[in-house]
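The next block holds one structure in the form of structure tokens; read it before the comments.
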2 protein chains.
Amino acid sequence: MHRHESHDACHTGVGDMLARAEAVCRERGLQFTPLRREVMEAVAEAGKAQGAYDIAEKLSAPGKRVAPVSVYRALDFLMQQGLVHRIASRNAFIPCAHGHAPGEGVVFLICRTCGLVDEASSEELEDGLDRTLKRAGFTPAHTILEVEGDCGACRERQQPS
Amino acid sequence: MHRHESHDACHTGVGDMLARAEAVCRERGLQFTPLRREVMEAVAEAGKAQGAYDIAEKLSAPGKRVAPVSVYRALDFLMQQGLVHRIASRNAFIPCAHGHAPGEGVVFLICRTCGLVDEASSEELEDGLDRTLKRAGFTPAHTILEVEGDCGACRERQQPS
DNA sequence: GCGGCGGTGATACACTGTAACACTCCCGCC
DNA sequence: GGCGGGAGTGTTACAGTGTATCACCGCCGC
């Protein structure tokens, strides 16, 4: 679904993501401020999951320091709008590749070799989870589903068949 | 599968867990040292997920301080043996309720009201995940699946039908 | 005895995230 | 024009989580 050959134009494309973010904010009457834009851009450009402090450092230049707390605030905003996701197992953030409804089941595929994070969603998987939860008498509010392993590209690269 | 009425005798029972831990270590030729036993006990007794610093505090007494580092080392050991699990979304640790093979699919059900964490496993769910990963060309090494929500007991308690 | 190894103690540190407060900017309103 | 008021940001300080490093101890084998 997504190709990962290079660092630029990864996923949906940085430009597309920024455009979508802007559209979402305008549509909801929210501000897409310069800082939020820069943070979104930094996350989108990275190609792999970024820590909040990494982003802060990237956005800082001699004479213009961006504090981590500002980055966190922007990230919180972007997460609320579903524009970025948090990878709990890495304490890091990625851009949302495909717009999904909030609460929809998504799996994060984290390659331990190249560090790229892909998203996958599956109705079958979601149904299975729903049934399992119902059987346990549990009402879900928020689900974290992250898989660490090797992506296809890295596997081929390591043992060229 | 597990009852959660009180804090003691929760899950499989503290005694059983300690016995199993000891057996596992003996079987594998590993040391079940006093510190490891105390940490295992603290996690098993708690009834809900414990932070490493909570455990360190609980094990410390006037005159006998247990540093968090030591707790982390014991927890790492216990996790390697599959005796405790880490809840990534809470930075906390729970005892493993039922012995499962390493890598087997397990869902953690985290009640946001009472804080108790239950484990559920489902072949159906696991199959769904496997197929989703295969379709994405991804080879899994480690999976995190945590659901936050309301457990049956808490739901009944809040809105007694 | 002596060396090695696993486990532990202890200090310091890095990384992650939040609280609290001040300031600015913009907008609506009198 | 003056005057709140709210959203966003800057800044400092701090809490929480996890790791690196070194020293020490006890045990086992040689």
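Keep in mind it's a predicted model, so treat the numbers as computed, not measured. Chain letters run A, B, ... following the sequence lines, proteins first, then strands; residues in each count from 1.
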Is any side-chain N or O of [X] closer than 4.0 Å to OP1 or OP2 of [N]?
{"X": "B:Arg86", "N": "D:dG18", "result": "yes"}
{"X": "B:Arg36", "N": "C:dT8", "result": "yes"}
{"X": "A:Tyr53", "N": "C:dC15", "result": "no"}
{"X": "A:Thr33", "N": "D:dT9", "result": "yes"}
{"X": "A:Ser70", "N": "D:dG10", "result": "yes"}

Between [atom2] of [N] and [atom1] of [X], the distance in whole Å:
{"X": "B:Arg90", "N": "C:dT16", "atom1": "CZ", "atom2": "C1'", "result": "18 Å"}
{"X": "B:Gln50", "N": "D:dG18", "atom1": "CD", "atom2": "P", "result": "13 Å"}
{"X": "B:Arg65", "N": "C:dG9", "atom1": "CZ", "atom2": "P", "result": "10 Å"}
{"X": "A:Arg37", "N": "D:dT9", "atom1": "CZ", "atom2": "P", "result": "14 Å"}
{"X": "A:Phe77", "N": "D:dA7", "atom1": "CZ", "atom2": "C1'", "result": "11 Å"}
{"X": "B:Gln31", "N": "D:dC28", "atom1": "CD", "atom2": "C1'", "result": "11 Å"}
{"X": "B:Gln81", "N": "C:dG7", "atom1": "CD", "atom2": "P", "result": "10 Å"}
{"X": "A:Leu75", "N": "C:dT18", "atom1": "CG", "atom2": "P", "result": "11 Å"}

Can you identify which nucleotide, out of [options], has its nearest atom closest to the [X] side chain?
{"X": "B:Leu35", "options": "C:dA12, C:dT8, D:dT11", "value": "C:dT8"}
{"X": "A:Asn91", "options": "C:dT16, C:dT8, D:dT12", "value": "C:dT16"}
{"X": "B:Tyr72", "options": "C:dA12, D:dT12, D:dG18", "value": "D:dG18"}

Open item on the list: Could you check whether atom CD of B:Glu57 has more than 12 heavy atoms from other residues, nucleotides or ligands sitting under 6.0 Å from it?
Closed with: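 No, because the 6.0 Å sphere around CD of B:Glu57 holds 12 heavy atoms or fewer from other groups.
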TODO: List the atom of B:Gly128, the atom of A:Leu125, and the distance in Å for their closest heavy-atom pair.
DONE: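 Distance-wise, the nearest heavy atoms are C-CD1, 4.2 Å.
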Open item on the list: Mind checking if B:Val66 touches a base, just sugar-phosphate, or nothing, with heavy atoms under 4.0 Å?
Closed with: nothing
Open item on the list: With a 4.0 Å cut-off on N to O distance, would you call A:Glu38 and A:Lys58 a salt bridge?
Closed with: no
TODO: Return the 5'-most residue of the pair A:Val69, A:Asp54 with respect to DNA chain C, ranking by each residue's nearest nucleotide.
DONE: A:Asp54
TODO: Hey, which sits more toward the 5' end of DNA chain D by its nearest nucleotide, B:Asp76 or A:Pro34?
DONE: A:Pro34
Open item on the list: Measuring only between side-chain heavy atoms, which start at C-beta, is A:Arg112 closer than 4.5 Å to A:Asp150?
Closed with: yes
Task: Co-membership, hydrophobic cluster, residues A:Val107 and A:Leu133, 4.5 Å side-chain - done: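 Cluster IDs for A:Val107 and A:Leu133 match.
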- [ ] Kindly indicate whether the side chain of A:Arg73 and the base of C:dG17 share any N or O donor-acceptor pair separated by less than 3.5 Å?
- [x] no
